Amino acid sequence: NPNPSRTWTSLHFLNRDVRHRLVGRKPRFIATRAVLDSATIEQLGLKESDTRNPSLSSTYRNSKLLKPNQTVLEAQARVCTGPTQTRPLSEEQTFKVLDTILRSVRGELKDEEQVSKAQLGAFFSGMTIRANAFPEATQWSEVERCAMKKFWPLLVRALPPDVIFIADPEGSIMGLGSAVGPQFVGNGMSEMRLVGALREILAGGHLGYEEIQGVLKDVLTLKLEDGKSNGVSESLLSAFLIGQRMNRETDCELKAYCLAFDDELGPAPVADVRSLTHYGEPYDGNTRYFRSTLFVAAVRSCYGESSLLHGVEWMPPKGGVTEEQMLKFMGAKTNLSLHQGKKLIEAEEVGFAYISKREARPSLYSLIGLREQIKKRPSLATTEKVQQFIMAKGRESIVAGFYHEGYEEPLLMLMKRRGVHSGLVVKGEEGALSMTTRLRSASTSKGLPVNHCSGFRSVGIESACEVDGVSHQSFRLEVNAMDYGFEPTDTPRTDRSVSKNIELGLAALRGEKGPAYDRIVLNAGIVDHLLGCDGAEDVSLALERAKEAIDSGKAHKRLLNYIKMSHKVK
């Protein structure tokens, strides 16, 4: 393992042995050094404080972000979930949490022990929605009621008015008949609009399309360092974000989140390519298994299937390995503009690009700190996977990963709303996009199996960009890798290691056969086939051309070209 006491930015700074192991044999190793040596720290735009330990994805977390109180965060993980998943707190946990909140608002806790305003908003939002709208099995337990009865008379004298409103909006939950909640309206027009929306959410209700978009555009962008909004309480905003997820969003609400900031930077640039696939990986990364999409994009570019990857460097709650971490570590420029990404997609020797949400949607990117305080994934965790930061003159497709059953249809609905020609949702390992060659376990977890795929293909390409009246051919299947000639293999473990994920991916692109190679081929060929890409009508031919792209060395060269050209593109 690399020495944690050292700092790391890219392969350029690794010692010779480690560099050689990651990049490969001498001829290509020399070429890679030439690519990476051309990028100095200044060109990469890195400061010493931004350097990272490549063995741990968790070290990519922005140190300026406020750390949440762990006691309350663990409680949020239990109570800020859906109508059937919520679990009541134990007696010990309930008393500990309420005591921690009381001591924090009294000023008795310091630094990381403090409970943030965003945590207060999320926790009490969860408790209120459980009391008002959840089924009996997941409402407050008798233990929770007794604990709240004891602590609320003390809390109501210490909590700020916005949190009292969230905890008891109508003055009916806590039994004291407080007038603070019913009379609370907020400060300023933006907060008043947010409070009005929250009253509906805290009662278990839903909002309209324009109402959600109005709230989001009112309150964003947040200031990254302190998580504060423009005149809006972060308690109210966190309650709003987690409350909608707990109530299970309607299609209308998901559309509002998905499309809210499409015009933030003006019209999306249009790449002059015949085909473009948008890859929507979960933004919070992988913590256990090999993440293959970056290497799949390099493979697909070899035969004219362009790809646009998007994400962030680090995202809660998992804080796992992301494409941005890998690209940054390998020396690529990761703060590309949309126009620069378009040029890389169009470049004959590259054919794919990665765009950070930081550059594409600054307003939504500013929520990262608040999302860590919320703990559970908000609605944005679903909708950010269905984006078109760059468009194409030719056919477009969207591929997105999911984990929880019930979100596959909403994701496909959003893809159709985007007007793309084909869409695909994949339940890969960890809810990411990587389908596996591992044998299905006899003790399979609840819900849909890993390698489940659902999707659609437009029948008439000419009319595919119309939102309504488009004919779609739908499909639903479970991909069994053995049916396509793959031997069962266990999935390579990476365990939050950025460098390990890169090592596996580069070895596979150099033609080294094994589990990582098989997964890259499987995910390139099957996705091409299911999306209806040209030349992939026969799945066996689709898999063979993916193998040829790797075995010929073309895919490896494409990735090296990307690293190099990301610094040269204007």
Side-chain angles (χ1 to χ4, degrees), residues 58 61 65-105 109 112-134 138-141 143-145 147-148 151-152 155 159-160 162-169 173 198 201-202 204 222 227 233-249 282-284 287 315-319 367-382 403-404:
S58 54
R61 179 186 180 274
L65 296 176
L66 176 70
K67 289 187 176 180
N69 178 283
Q70 291 302 307
T71 297
V72 178
L73 201 69
E74 291 170 8
Q76 290 169 237
R78 294 177 66 94
V79 303
C80 295
T81 58
T84 59
Q85 299 95 337
T86 289
R87 294 165 293 162
L89 303 176
S90 67
E91 182 175 9
E92 179 183 359
Q93 189 177 20
T94 306
F95 278 84
K96 184 179 180 181
V97 167
L98 294 178
D99 179 66
T100 299
I101 290 174
L102 180 61
R103 289 191 293 125
S104 180
V105 295
L109 302 181
E112 293 178 15
E113 292 184 341
Q114 284 186 312
V115 182
S116 70
K117 293 180 180 179
Q119 281 190 277
L120 292 174
F123 174 77
F124 282 111
S125 175
M127 295 296 285
T128 299
I129 290 172
R130 287 177 60 205
N132 283 338
F134 273 19
T138 50
Q139 289 180 5
W140 290 13
S141 67
V143 164
E144 290 171 313
R145 280 192 287 270
M148 195 65 79
F151 276 92
W152 187 248
L155 287 167
L159 290 170
D162 56 341
V163 178
I164 295 174
F165 156 69
I166 296 167
D168 198 4
I173 297 176
L198 257 177
I201 292 170
L202 294 172
L222 306 186
S233 155
E234 54 262 43
S235 299
L236 297 173
L237 183 53
S238 66
F240 174 86
L241 292 174
I242 196 58
Q244 287 217 284
R245 172 49 56 101
M246 290 182 66
N247 289 337
R248 291 302 301 265
E249 316 91 338
Y283 276 24
D284 59 352
T287 58
M315 177 70 81
K318 287 168 67 174
L367 285 169
I368 289 178
L370 193 75
R371 287 171 66 165
E372 184 179 19
Q373 302 292 323
I374 290 173
K375 175 60 179 178
K376 304 299 286 185
R377 295 176 182 86
S379 306
L380 288 166
T382 296
Y403 182 79
H404 293 290

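Note that the structure is predicted; figures quoted are calculated from it, not measured.
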What's the shortest heavy-atom distance between [X] and [Y], and which atoms?
X: Ser238; Y: Ala122; value: OG-N, 3.4 Å
X: Leu73; Y: Pro68; value: CD2-CG, 3.8 Å
X: Gly82; Y: Phe134; value: O-CE2, 3.3 Å
X: Arg103; Y: Leu109; value: NH1-CD2, 3.2 Å
X: Met315; Y: Tyr283; value: CB-O, 3.4 Å

Report yes if the side chains of [X] and [Y] come closer than 4.5 Å at any heavy-atom pair, otherwise no.
X: Thr138; Y: Thr84; answer: no
X: Pro83; Y: Arg248; answer: yes
X: Pro378; Y: Arg371; answer: yes
X: Glu113; Y: Gln70; answer: no
X: Thr128; Y: Asp168; answer: no
X: Val143; Y: Pro88; answer: no
X: Thr86; Y: Arg78; answer: no
X: Ile101; Y: Phe151; answer: no

- Test salt bridge (charged side-chain N to carboxylate O under 4.0 Å, His left out) applied to Glu372 and Lys67, step by step: CA-CA 8 Å; Glu372 184 179 19; Lys67 289 187 176 180; over 6 Å; no
- Item | Worked check of side chain to side chain contact (heavy atoms under 4.5 Å, CB included) between Val97 and Phe123 | CA-CA 10 Å; Val97 167; Phe123 174 77; 3.9 Å; yes
Verify, without hydrogens or angle tests, whether [X] (side chain) and [Y] (backbone) share a donor-acceptor contact under 3.5 angstrom.
X: Asn247; Y: Ile201; value: yes
X: Gln119; Y: Asn69; value: yes
X: Glu144; Y: Leu89; value: yes

First locate atom [atom1] of [X], then atom [atom2] of [Y], and finally report the distance between them rounded to the nearest 0.5 Å.
X: Leu236; Y: Ile166; atom1: CG; atom2: CD1; answer: 5.0 Å
X: Leu241; Y: Met246; atom1: CG; atom2: CE; answer: 13.5 Å
X: Ser379; Y: Phe240; atom1: OG; atom2: CZ; answer: 8.0 Å
X: Arg130; Y: Arg87; atom1: CZ; atom2: CZ; answer: 11.0 Å
X: Asp99; Y: Thr94; atom1: CG; atom2: OG1; answer: 12.0 Å
X: Met127; Y: Leu202; atom1: CE; atom2: CG; answer: 13.0 Å

- Item | Partner residues of Lys96 under the side chain to side chain donor-acceptor pair (under 3.5 Å) criterion, sequence neighbours left out | none
- Message: Pairing donors with acceptors under 3.5 angstrom, does anything connect the side chains of Gln373 and Ser116?
- Response: yes
- Assess the side chains of Thr100 and Thr71: does a donor N or O sit below 3.5 Å from an acceptor N or O?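 Note: Thr100 and Thr71 side chains miss the donor-acceptor criterion.
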- Candidate list Ile164, Leu102, Ile173, test side chain to side chain contact (heavy atoms under 4.5 Å, CB included), partner Trp152, passing option: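 Single side chain to side chain contact (heavy atoms under 4.5 Å, CB included) partner of Trp152 among Ile164, Leu102, Ile173: Ile164.
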- Message: Between Cys80 and Ile374, is the side chain to side chain contact (heavy atoms under 4.5 Å, CB included) condition met? List the steps.
- Response: CA-CA 9 Å; Cys80 295; Ile374 290 173; over 6 Å; no
- Leu120/Val105 under side chain to side chain contact (heavy atoms under 4.5 Å, CB included): CA gap, chis, key distance, verdict: CA-CA 10 Å; Leu120 292 174; Val105 295; 4.0 Å; yes
- Task: Check the pair Lys375, Ile242 against side chain to side chain contact (heavy atoms under 4.5 Å, CB included), reporting the backbone distance first and the verdict last.
- Result: CA-CA 9 Å; Lys375 175 60 179 178; Ile242 196 58; over 6 Å; no
- So among Glu249, Arg245, His404, Arg377, which one has a side-chain hydrogen bond (donor to acceptor under 3.5 Å, both in side chains) with Thr382?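 Among Glu249, Arg245, His404, Arg377, the one that satisfies the side-chain hydrogen bond (donor to acceptor under 3.5 Å, both in side chains) with Thr382 is Arg245.
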- Item | Atom CD of Glu91 with >12 non-hydrogen neighbours under 6.0 angstrom |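 No - once you tally the heavy atoms of other residues, nucleotides and ligands closer than 6.0 Å, there are 12 at most.
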